[in-house]
Amino acid sequence: MKLSRRDFLKISSIGGLVFSTGLSGARAFAHAGGDDEFYFVQLSDSHWGFKNLKFNGDPEGTLPKAIATVNSLARKPDFVMFTGDLTHTTDDPEERRRRMRQFKSLTDKLEVPQVRYLPGEHDAALDAGAAYKEFFGDTHYAFSHKGVNFIALDNVSDPRARLGATQLGWLEERLAELDRDQPLVVFAHRPLFALRPDWDWSTADGDQAIALLKKHPKITVFYGHIHQEHHHQTGHIAHHSAKSLIFPLAPPDTQGKKFKVGWDPQHPYAGLGLRKVGLTEKQAVVEIDELGVKV
Amino acid sequence: MTKRPRAWRWCVLPLIVAAQAGCTRQADATDPQVITIEARRFAYSPAVIRLKKDQPVVLELISKDGLHGFNAPELGLRSDVIMDGPSRLTFTPRKTGRFIFHCDIFCGSGHDQMAGEIVVVDD
């Protein structure tokens with residue numbers, strides 16, 4: 001089921017989720033400050049190394065500005081999650097590592113307790129994640145934070161956009177260990193559902209992952225890849241994609257082929273941004289706040 | 001005695017050739033149309049495939065520079081595209097319209113734009 005933001009608001013308001021568009025962190029979370037509440041920031045798709053000025057007039061400045069935006073937040077997030085395509089792909093293994101090194105030196109400037117990463121296909125699909133692992137560690141993993149469980153999935157290291165039987169088995173084992181009364185947040189780069197398969201906006205075996213995940217009542221998925229904010233519901237599972245930090249892509253209901261949205265000098269950074277996600281142990285995701293890049 | 005069979009062969013041979021040619025022409029009329037599509041980073045050639053509804057077709061897919069994919073999900077068509085090909089997809093389009101196909105095996109910096117279109121029109 002595809003949802004407009006208004007539709008999503010109607011649905012999400014049932015569960016008490018507040019959805020908003022803030023201005024560079026100036027807006028405070030409505031729920032902020034509760035004893036059990038915390039928030040993280042999702043960053044995505046910076047494509048470090050991409051330098052086509054037609055689509056981004058500030059390719060080396062946008063990521064630093066996003067990092068400055070996070071650092072300017074009055075209340076610090078508990079962690080930052082970067083959902084893939086940290087770098088733009090290259091055939092040259094040395095250049096790939098150079099881009100990852102530069103990217104890491106920039107994100108090391110984030111003034112937050114922890115920064116976590118996931119690969120996108122641009123980072124990992126040409127070498128099965130070899131370079132990515134050198135800089136950022138495992139491509140899929142699980143962790144818990146303040147009563148909320150998190151699982152990061154890798155649907156990009158296989159160039160055929162598959163999670164694969166091994167990772168699906170790992171996911172099933174991790175899920176079996178979790179208390180289903182606790183909220184579960186899943187991260188991935190590609191959508192796990194078939195958003196627009198003819199644009200490569202899907203995961204080949206994503207339906208198998210969703211079949212496992214839907215057994216958990218309090219689950220939310222955050223992903224990247226499509227370079228825009230988008231909200232979708234598969235059963236009780238909400239899927240939220242994040243904006244990019246390099247260029248927007250056409251909306252999924254566009255006819256014909258996929259295309260990049262050009263840079264507008266009159267409205268620089270339009271369509272780019274990051275998001276804050278507020279959570280509680282009892283209610284899972286309670287607030288999503290979309291932020292622009294602070295200029 | 002030895003010349004008669006030779007004369008017979010020279011008379012019959014043109015008939016055999018003509019018959020074979022006739023068979024070939026008849027086969028052309030009923031066999032699927034064959035369209036060869038070349039894939040290379042980061043494009044297909046041709047990029048637009050024009051087909052007629054209800055007319056069977058064979059897509060012969062061959063790569064010029066490594067592994068690619070060919071995926072037209074709305075038509076239920078999918079194949080790897082390899083250099084040692086061709087890979088063949090045989091189908092009969094049953095609905096008119098424009099259907100995107102794309103490379104579904106990540107192949108590099110232009111992969112995101114590696115796509116084409118199948119246009120199906122009424123016969």
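Below, all heavy atoms of this structure are taken into account, side chains as well, without hydrogens, waters or symmetry copies. Per chain, numbering begins at 1; letters A, B, ... match sequence-line order.
Within a 6.0 Å sphere centred on NZ of A:K260, heavy atoms belonging to other residues, nucleotides or ligands number more than 12. Heavy atoms of other residues, nucleotides or ligands lying less than 6.0 angstrom from CZ of B:R78 number more than 12.
For the atom pair NZ (A:K257) and CD (B:Q113), the distance works out to 8.5 Å, reported to the nearest 0.5 Å. Separation of atoms CZ (B:F106) and CZ (A:R160) is listed at 14.5 Å; rounding is to 0.5 Å. Note that the NZ atom of A:K258 and the CD1 atom of B:I100 stand 10.0 Å from one another [nearest 0.5 Å]. With rounding to the nearest 0.5 Å, the separation of CG in A:L249 from CG in B:D112 is 7.5 Å. The CG atom of A:L126 lies 8.0 Å from the SG atom of B:C107; values are rounded to the nearest 0.5 Å.
The parts of B:D104 that come within reach of chain A are both its backbone and its side chain, each placing non-hydrogen atoms under 4.5 angstrom from that chain. Interface remark: B:D80 contributes side-chain atoms only to the contact with chain A (heavy atom separation under 4.5 Å).
Contacts between residues 88-97 of chain A and chain B, counted as heavy-atom pairs separated by less than 4.5 Å, involve A:H88, A:T89, A:D91.
Among the candidates A:H47, A:Q255, A:H122, the residue making the largest number of heavy-atom pairs closer than 4.5 Å to chain B is A:H122. For the set A:A194, A:A125, A:P197, the entry with the most heavy-atom pairs within less than 4.5 Å of chain B is A:P197.
Of the possible polar contacts, one joining the B:H102 side chain to the A:D198 backbone as a donor-acceptor pair under 3.5 Å is found.
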